[in-house]
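Here is the structure we will look at, set down as C-alpha cells.
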Amino acid sequence: MAWSRTGYWTLQRGDLSGSAGKHLYVTNPSGTVEALNPRTGQLQYSLSEAVNVLAVDASRVYASCGSQGQYACAYNIGTGVLEWQNTHPYSPKLAAEAGGVLYLDSGAALNAATGKVIKTLPLDSPPATALAVGDGRIAAVTTPRVIDLYGLPGS
Amino acid sequence: MLTPAAVAKVKYLRSVTAPPTRPQAPCGPQGIAAPLPYGGYLYAITNGRLSKYNPATGKLIWRRIPPDQETIYNSLSISGNLVIVGGTGCISASEPGGDVYAYNATSGVLVWSAFPETINDMVKVGSYVITAGSDAAGYEVSVLNVSNGKQVWYAYGCYGGPPALVVGLLVMRYGCDSQGNPTIEAR
C-alpha cells in the first residue's frame, strides 16, 4: 500500500490513470473537495464550493459548485483557483470534456477556457443520463432506449 | 476533434434504438448504459445486450447477449480489439455477484469471462481491468488481467462503492485501518 487516509472520504476522479497522473480528487470527511497527490496522499489544494467533480483535462478540473451544486465551475488544475463559474442554475450531474469543449447533461456545450455557452444541443428530454464524446461525435442518452448522435453535418 | 469553433456548427445527426426488453427478462428493463464512441464505431449496453453500431449510418453491426442475463450491465471498456462489459447481479441484494465478459470487437466472439464480486464501476487501465462495487456484504475492488480475465489481486473495504479509479498508476480504493476505521488507500 502506498498510503492511507483515515475517515469517511469519498473518491471522485483523477486526472490521468498513467504515470503522468498528478491529481486525485476526493471529498474529505468535512465535505470539502480536495486534490491529493496520488503518490503520497498529501493535500495539494481545495476546490472552493465544489460539490461533484465532473471532468478533468490537462488544464482544468470541472465540477458542480455552489451551495446546492447548482452551477458549473472550472478550477485551475495546477493551483485549484476558480477560473470561471457558469451561473445558469441546473445542477449538472454529468459532463464530458474534449477538444476544449465541456459538454453538460443539459445539452450545453461550453468553451472550456471561459465557461461561455457555445451551443445548446437540442436534447430530446434533458438531462442526459449518459454522455460521451469521441470520433467527432457526441452521444447522448435522454430516453431509455435511444442514443442520439450529434456532430458536424455529414459526419 | 470538435473544437469550440466547430461545435457551433454541430447538428443532430441520427439516433440508434436499443432492442426492447425481452419478456420475462430477470432484471427488467435496463435501458442504455455506457455509450462509447471508439475507433469509428459506437458501442453501448442496450437493454442488457452489447451492441456495436456504425455511427455514420446508425446501423447495427453486431449484438451479443452476455451469458448471464441475471445481471444489470453498467460498464463498458475497450482494450485494443477487446470490448469489455461488466455488471452486477439483480437477483440477490445481499450477494449479487458481478460478471465481466470480453468480446472480440471485430467479430463479437466471446474471448473471456470473469466473475468478481459486485461491480458498480469498471475501468481499463494499461494491462488491467479494475472493478469496484459494494453490496450488503461490503466493498470490493478487483484487478483483472485484460488479456485473459484472470484476477491479479482484490481487496475488501468496510465501506465505499464506485468509482473504479486509477490515478498515477495507483489503484484508489476504500479500506479499513487496523481498528476497523474507514480509510481511502492507494495501492
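A note on names: the letters A, B, ... follow the listed sequences, proteins ahead of strands, and every chain is numbered from 1.
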Looking at A:Gly154, A:Ala139, A:Ser19, which makes the most heavy-atom pairs under 4.5 Å with chain B?
-> A:Ser19
Kindly work out whether a path of hydrophobic side-chain contacts (I/L/V/M/F/W/Y, heavy atoms less than 4.5 Å apart) joins A:Val56 to A:Leu47.
-> yes
Nearest heavy-atom neighbours spanning A:Pro153 and B:Leu13 = CA-CD2, 4.4 Å
Determine whether B:Leu2 and A:Tyr103 make a side-chain contact, defined as any pair of heavy atoms from C-beta on separated by less than 4.5 Å.
-> yes
Under 4.5 Å, heavy atom to heavy atom: which of residues 162-187 of chain B reach chain A? Give them by number, or say none.
-> B:Pro163, B:Leu165, B:Val166, B:Val167, B:Gly168, B:Leu169, B:Leu170, B:Met172, B:Arg173, B:Tyr174, B:Asp177, B:Asn181, B:Pro182, B:Thr183, B:Ile184, B:Glu185, B:Ala186, B:Arg187
So, the part of A:Leu36 with a heavy atom under 4.5 Å from chain B: the answer is side chain
In terms of hydrophobic clustering (I, L, V, M, F, W, Y; side-chain heavy atoms under 4.5 Å; direct or indirect links), are A:Trp9 and A:Leu11 co-clustered?
-> yes
Who among B:Ala44, B:Ala8, B:Pro55 has the most heavy-atom pairs with chain A under 4.5 Å?
-> B:Pro55
Path from A:Tyr45 to A:Tyr75 over hydrophobic side-chain contacts below 4.5 Å | yes
Report, by ascending residue number, the residues of residues 29-38 of chain B in heavy-atom contact with chain A at a distance under 4.5 Å; give 'none' if the set is empty.
-> B:Gly31, B:Ile32, B:Pro35, B:Pro37, B:Tyr38
For residues B:Met1 and A:Gly99, report the shortest heavy-atom separation together with the two atoms involved.
-> SD-CA, 3.4 Å
Which bit of B:Tyr12 comes within less than 4.5 Å of chain A, counting heavy atoms only: side chain, backbone, both or neither?
-> both
Using the rule that two of Ile, Leu, Val, Met, Phe, Trp, Tyr join whenever any of their side-chain heavy atoms come within less than 4.5 Å, decide whether A:Val133 and A:Leu121 are in one cluster.
-> yes
Step through the shown structure and confirm whether more than 12 heavy atoms of other residues, nucleotides or ligands are within 6.0 Å of OH on B:Tyr128.
-> no
Do any of residues 64-92 of chain B come closer than 4.5 Å to chain A, heavy atom to heavy atom, and if so which ones, in number order?
-> none
How about B:Gln151: does its CD atom have over 12 heavy atoms from other parts shown lying under 6.0 Å from it?
-> yes
Determine the option with the most heavy-atom pairs under 4.5 angstrom with chain B, choosing from A:Ala132, A:Pro38, A:Ala98, A:Gly14.
-> A:Pro38
Tell me, out of A:Leu16, A:Asn111, A:Leu123, A:Val26, who's got the most heavy-atom pairs with chain B below 4.5 Å.
-> A:Leu16
Do A:Ile118 and A:Ile138 share a hydrophobic cluster, counting only Ile, Leu, Val, Met, Phe, Trp and Tyr and linking them when any side-chain heavy atoms are less than 4.5 Å apart?
-> yes
Identify which of A:Ala140, A:Ala113, A:Ala112, A:Gly7 forms the greatest number of heavy-atom pairs closer than 4.5 Å to chain B.
-> A:Gly7
For A:Tyr8, does the OH atom sit with more than 12 other heavy atoms under 6.0 Å from it, leaving out its own atoms?
-> no
Proximity breakdown for A:Ala20 and chain B, heavy-atom pairs closer than 4.5 Å = neither
Below 3.5 Å, can you tabulate the donor-acceptor pairs from side chains in residues 142-149 of chain A to any protein atom, sequence neighbours excluded?
{"residue": "A:Arg145", "atom": "NE", "partner": "B:Ala18", "partner atom": "O", "Å": "3.0"}
{"residue": "A:Arg145", "atom": "NH2", "partner": "B:Ala18", "partner atom": "O", "Å": "2.7"}
{"residue": "A:Asp148", "atom": "OD1", "partner": "B:Ser15", "partner atom": "OG", "Å": "2.4"}

Of all heavy-atom pairs between A:Leu152 and B:Ala6, which one has the smallest distance, and what is that distance?
-> CD2-O, 3.4 Å
